[in-house]
Every structure is written in structure tokens, then in C-alpha cells.
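In what follows, a single structure is set out as C-alpha cells and then discussed.
Every chain is numbered from 1, with letters handed out A, B, ... down the list of sequences. What's counted below: heavy atoms across the whole structure, side chains too, no hydrogens, waters or symmetry copies.
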Amino acid sequence: MTDPISLPRTRVADVLAGRVAPGERAVLKGWVRTRRDSKAGLSFINLHDGSCFDPIQVVAKNELPNYEEEVLHLTSGASCVVEGTVVESPGRGQSVEIHADAVHVVGLVEDPETYPVQPKRHSFEYLRTVAHLRPRTNTFGAIARVRHTLSQAVHRFFDERGFYWIHTPIITTSDAEGAGELFRVSTLDLLNVPRTEEGEVDFSEDFFGRNAFLTVSGQLNVETYCQALSDVYTFGPTFRAENSHTSRHLSEFWMIEPEIAFADLDALAALAEDFLKYLFQVLLEEREDDMAFFAERIEPEAVTRLEQFVESSFERMTYTQAVDILEAADRKWEFPVGWGTDLQSEHERYLVEEHVGRPVVVTDYPKEIKAFYMRQNDDGRTVAALDVLAPGIGEIIGGSQREERLEVLDQRIREMGLDPVDYGWYRDLRRYGTVPHAGFGLGFERLIQYATGMANIRDVIPFPRTPGSAAF
RNA sequence: UCCCGCGUAGCUCAGUUGGUUAGAGCACCUGACUGUUAAUCAGGGUGUCGUAGGUUCGAGUCCUACCGCGGGAGCCA
């Protein structure tokens, strides 16, 4: 007899989508969601294999040789292989079902009473404590598929437009990027740290012979390839050691950073808009079942706001205009509004959620509150920076045109209290055939949050890392 | 790091101005019923009330510290 495990698998998605005609044989492999017994001599098993949102209904009759001993003991989470025939379902709730002529139990649930993922509503907080089992729930299965689809769409978008994917390093030795606190990468013995004659830690004894960290951004590195391949992007893990306890910060997250040559801020804004619209369009088309679930159970506007997003053009305003709007607002601010100070969360929320009601692009910020590499505008007081703000999340994209003029860049580095000597290879790009260029960073998890309506960023990445928490 | 909140059964939660033996739903088991689909109905047992102190005749309830979690702020994507 053939081992049922080795039989070719029919995906639930193919059966439910009608790609397997009624009357055809099928072998389903998956995990039990629920089992309902009928005294008419049959059991209904909802079998899930992750290929789509819905499980498939398996009808198992008591004529099966192992009905009493095994089928009746299947509980949520148990795995099995079902051989049977695809049949149009006489019951409501599904178009087709599987009439089983064999149910092979592969793995039972050891103690059904304490199985952590029961077929009921769990809190997300609780499910984080069983991160190894939460992908078996509707929500986390849907998020996994959305995450995959968006990842693929990111690469497809850039590939279709001639961008090259550059694998920028995870380990960096430039500790002056100024994008946040860094995780140190070291093999030094913490209990016996080598010291210099001055008593400082001697990093020349360390693995790389110098200070090393996990990257906080691939931007500086990807700029080098931009200055040779024109249109490039990075997409990979990024690390911030900030002690942030919020629903939109992770210590380890994924970031997408395109960089385009011979381009200014307007071109960058257009790219950001095309990019987001493309991603959401793909999501609406390819993950219709999962998005319907998010709209039904997580965020009622999940689908409609993406549809509107794809249809409408971005609202654009300068930082100066934004400050004018905030100052004119009939509102008491916890933090004062004034030209020259950064926009606070309450300010961004007002602009996005109340004043405009959809994502907003804010451009041309005061140079004092932005990074050294952003291109100085002709007014001498602002830089060509751009933030895309989204309702409920805040900053989803941050970017800028880069300073391509060496003398201006050096001046900005010094103004920030930094030393041009530390930026040798970055300055070289301005010495050898410099061109205007621009780029932005998109937090992938924040994109997923916005797309699905999930409130906490820890629930849109499989194994979240946050301060004090790196289980699993 | 700062501010606020929470911690009671495997899970989700209730528990009054401090007062006898700690409550419900889900899950699980048994039975009834049923082409069922969050099935329904009846029955069954369940706890270091986060930890350690303190106040009190008496603490799940009040106080202190600590631990854990969550929300907000800052920082940012």
C-alpha cells in the first residue's frame, strides 16, 4: 500500500477555486480546524492547509474503518491526509466538499484541552506568547499570505521598472548614520574586555578590527550602486536599538529603500505614489479572501480605503503649509506648533486623519531637524525631504533628495557636529561624477499595518523583536 | 526613558462600600438531537486571585516594592 504521505497533494485553494472539477479524485493534506459529528453517521471536518483563507469541508462517513477509533478523536490542530472525491456540496456555506474514502491520521493533538490555539477568539496579546502556533489562526494565516504577496509585489514593481535589487550589508562599521541607536556586533569576551593604554575598550582586538553594528539603513550603501546602475533598491532586515514601546516600532524590521539617479524630489514623490498604489492594487486583486477577512473582523475600512487610495492622488503640502494649517486649527496642542520644530504625533494625526482624511505627503522641512545628507533648498533654510503620513500609523515613508554638491555636503556634515573624514567613500560619490539623486525608506511592517488595519506592529511580523522580548 | 492602565480557571472575562464555600462563557468529557458549518440542548471539574511584604478581626478587593504585559509620549520606518 502506498504511504499516503507520499501521494501528490491537492491544494485546498485549487479545490475551492474550482480548478478541480466535481467528480475528480483529490488528496488533501492539512490540519483540522473543527469537527462536527452527525448522528446520521458522518462527521464534517474542516481541513485547512494554508493555501487560502478558507478551510475545506471533508465529509467522513462511519463506514470508514477507522471512524470510531480515529476520526471521532480528531480535534483542532490534528494533522491528517484525506483521500476522496470532489463533490458539489448539498449544504450551505461551501460550494464543494470532499467525500472521503480514507482519512489517515498523521498527528493527533496530545492534550486537546490545553491545546493553545482553540477554535475561539483569542487576544492578540495571548497569541504573541504562542508565536509558534499562531500562524494556525485565521488572522495570522491571512497576514502571512498578505506579507508574502506584498513582498513579491515589491520586487515585481521594481523589476518591471528596471530597478536592480542591491543586497546591502547587514553588518555596518559606519556608526555615524544618525538614524537611531545601534546594536553592537562583537565577539569580544564581555567578561574579559581588551583595553587600550587609556583604559578604553580596544575594538582593534574585535572581530572586524573596529567597531561594528547591525545596519539601521541600507541607504548610504545603496547610494553607491545608484551612482552606477541608476535605479536600485534594497529590501531587507533593519535593526534599531531604540527603547521604543509602541504599537509601531520593532527592534528588527524590514525596510524597502529605493534610490533613483538623475532625479529630484518631485520624481521621488511620484515614485512613492506609484509604488504604494501598485502594491495595494496587487493586494486587492490577489488576496481578496484575506482582505475580506480583515474588513470583516479587524478594520471595517480595510478594503474600501485601499480602493480609495488606489483611485485618488496624493495630497501634497510643504512643511511650511502644514505649520500654517496647524496654527490655524481650532485646537489645543500638547506640544506647541511653530516653524522650525518637528511635527509631533498629534500634529501628524490631525493633518492626516482630520484635515485631509487620507495619506499626505509633506515636503521641504527645516534643515535643522533633518539628516545631513538631505539636499539643501535654494531658500537656505529647508531641505528637499519628504514624509508620507498615513492615518493611524503616522510616518510610513521618509525620504529626500540627496545632497550631491560636495561643498554643501561638507558644510552640512560640519554643522551637524560630524567629521567629513568619517564619510570618505560617501564623499567620493560627490567627487567622481556626481548626479542629483533621491530615495526613500518604507517600513514594510507599517505598510502591512496600514493595508490590513492590524493595530499592533508585533502582529504583522512572524516573530517580533522588541525591547526585552526576543522569544522564539 | 517618562506617563497611564492591567495581571482572577487552558482561553476570554465578571467579582459591589473589604465580609461565609471564588463566578460565567468558550474549550474539554458524557448524553440528547442534527447535512453540520462560531451548531444547539442537558450534565460534568477547574484556581499559588502575578510575586513578596504591609494595614485589618477579616484582603481577589486597600497600601508599598518588584516582575510581566498593554496603551500613550519621545525617537523613528
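- The distance between atom CD of Glu348(A) and atom C1' of G72(B), rounded to the nearest whole Å, is 15 Å.
- For G68(B), its base never sits under 3.5 Å from the side chain of Glu125(A) at any donor and acceptor pair.
- For Pro467(A) and Ser76(A), each mapped to the nucleotide of RNA chain B holding its nearest heavy atom, the one lying further toward the 5' end belongs to Ser76(A).
- Spacing of C1' atoms, G23(B) relative to U61(B), comes out at 15 Å, to the nearest Å.
- Residue His99(A) is classed as a base contact, given a heavy-atom separation below 4.0 Å to a base.
- In this structure, U46(B) makes no Watson-Crick or G-U wobble pair, since no nucleotide meets both defining distances under 3.5 angstrom.
- In this structure, CZ of Arg349(A) is placed 11 Å from C1' of G71(B), rounded to the nearest angstrom.
- Nucleotide A39(B): unpaired (no Watson-Crick or G-U wobble partner with both distances less than 3.5 Å).
- Taking the P atoms as reference points, G60(B) lies 10 Å from U20(B), given to the whole Å.
- Between Glu301(A) and Arg305(A) there is no salt bridge, since no side-chain nitrogen of the basic residue lies less than 4.0 Å from a carboxylate oxygen of the acidic one.
- Look at Arg412(A) and Glu403(A) and you find no salt bridge, because none of the NZ, NE, NH1 or NH2 atoms lies under 4.0 Å from a carboxylate O.
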Intermediate values then yes/no, side-chain contact (heavy atoms from CB on, under 4.5 Å), Ser76(A) and Val117(A) = CA-CA 8 Å; Ser76(A) 298; Val117(A) 183; over 6 Å; no
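- One can place CZ of Arg240(A) at 17 Å from P of G74(B), the figure rounded to the nearest angstrom.
- The separation of A24(B) from C63(B), taken at their C1' atoms, amounts to 31 Å, rounded to a whole angstrom.
- Among the protein residues, Glu97(A) comes within range of the nucleic acid bases, having at least one heavy atom under 4.0 Å from a base atom.
- Where Phe335(A) and Gly441(A) each meet RNA chain B at their nearest nucleotide, the meeting point lying more 5' is that of Phe335(A).
- Using the Watson-Crick or G-U wobble rule with both distances under 3.5 Å, G10(B) pairs with C26(B).
- Phe253(A) is not listed as a side-chain neighbour of Ile457(A), based on a closest heavy-atom distance of 4.5 Å or more.
- One P atom belongs to C26(B), the other to A38(B), and the distance between them is 15 Å to the nearest Å.
- Residue Phe253(A) is in base contact, counting any heavy-atom pair closer than 4.0 Å across all strands shown.
- Using a 4.5 Å heavy-atom cutoff, the side chains of Arg358(A) and Ser312(A) are in contact.
- As judged by a 4.0 angstrom heavy-atom cut-off over every strand, Tyr115(A) is placed among residues making no nucleic acid contact.
- Residue contacts shown for Leu447(A) are absent, as no nucleic acid heavy atom lies under 4.0 Å away.
- The base of U1(B) sits with one of its N or O atoms less than 3.5 Å from a complementary donor or acceptor on the side chain of His245(A).
- Formation of a donor-acceptor pair under 3.5 Å by the His73(A) side chain with backbone atoms of Glu69(A) is found in this model.
- Considering only side-chain N and O atoms, Ser244(A) lies nowhere under 4.0 angstrom from the phosphate OP1 or OP2 of C76(B).
- For Gln94(A) against U36(B), a side-chain-to-base donor-acceptor contact under 3.5 Å is present.
- For Thr34(A), whose side chain is taken as the heavy atoms from C-beta onward, the closest listed nucleotide among G10(B), A39(B), G71(B) is A39(B).
- Across all strands shown, Gln57(A) has heavy atoms under 4.0 Å from base atoms, whether or not it also approaches the sugar-phosphate.
- Contacts of Ile397(A) with the nucleic acid, taken as non-hydrogen atoms under 4.0 Å apart, involve only primed sugar atoms and P, OP1 or OP2.
- Partner assigned to C2(B) is G72(B), using Watson-Crick or G-U wobble distances below 3.5 angstrom.
- The main-chain N or O of Val96(A) is never found under 3.5 Å from a side-chain atom of Gln94(A) such that the two would form a donor-acceptor pair.
- The separation between Asn46(A) atom CG and A39(B) atom P is 8 Å, rounded to whole Å.
- In this structure, Leu72(A) places its CG atom 11 Å from P of G31(B), rounding to the nearest Å.
- Using a 4.0 Å cut-off between charged nitrogen and carboxylate oxygen, Arg25(A) and Asp101(A) count as a salt-bridge pair.
- Contact check, Arg128(A) against G70(B): a side-chain N or O comes under 4.0 Å of OP1 or OP2.
- Comparing the same atom, C1', in U1(B) and in G25(B) gives a spacing of 41 Å after rounding to whole Å.
- Residue contacts shown for Thr129(A) are absent, as no nucleic acid heavy atom lies under 4.0 Å away.
- With a cut-off of 3.5 Å on both pairing distances, the Watson-Crick or G-U wobble partner of C62(B) is G54(B).
- Arg458(A) has a side-chain polar atom (N or O) that falls below the 4.0 Å cut-off from OP1 or OP2 of G71(B).
- Nucleotides U64(B) and C76(B) are separated by 37 Å at their C1' atoms, to the nearest Å.
- Heavy atoms of Val59(A) sit under 4.0 angstrom from at least one base atom.
- Rounded to an integer number of Å, the gap from CD1 of Ile45(A) to P of G35(B) is 17 Å.
- Using a 4.0 Å cut-off between charged side-chain N and carboxylate O, Arg156(A) and Asp159(A) make no salt bridge.
- Between His73(A) atom NE2 and C29(B) atom C1' the separation is 10 Å, expressed in whole Å.
- Distance CZ (Phe44(A)) to C1' (A38(B)): 16 Å, rounded to an integer number of Å.
- Of the side-chain N and O atoms in Thr246(A), none sit less than 4.0 angstrom from OP1 or OP2 of G71(B).
- Side-chain N/O atoms of Gln344(A) include one lying less than 4.0 angstrom from OP1 or OP2 on G74(B).
- The side chain of Ser345(A) contributes an N or O atom lying less than 4.0 Å from OP1 or OP2 of G74(B).
- Spacing of P atoms, G50(B) relative to C11(B), comes out at 13 Å, to the nearest Å.
- Among U36(B), U12(B), C76(B), the nucleotide with an atom closest to any side-chain atom of Ser123(A) is U12(B).
- When the P atom is compared between A32(B) and G19(B), the two are found 44 Å apart, to the nearest whole Å.
- Donor-acceptor pairing under 3.5 Å, judged by distance alone, is present between the side chain of His249(A) and the base of C76(B).
- Regarding contacts with the backbone of C28(B), every side-chain N or O of Arg35(A) stays at 4.0 angstrom or more from both OP1 and OP2.
- Here Asn456(A) reaches the OP1 or OP2 of G71(B): one of its side-chain N or O atoms lies under 4.0 Å away.
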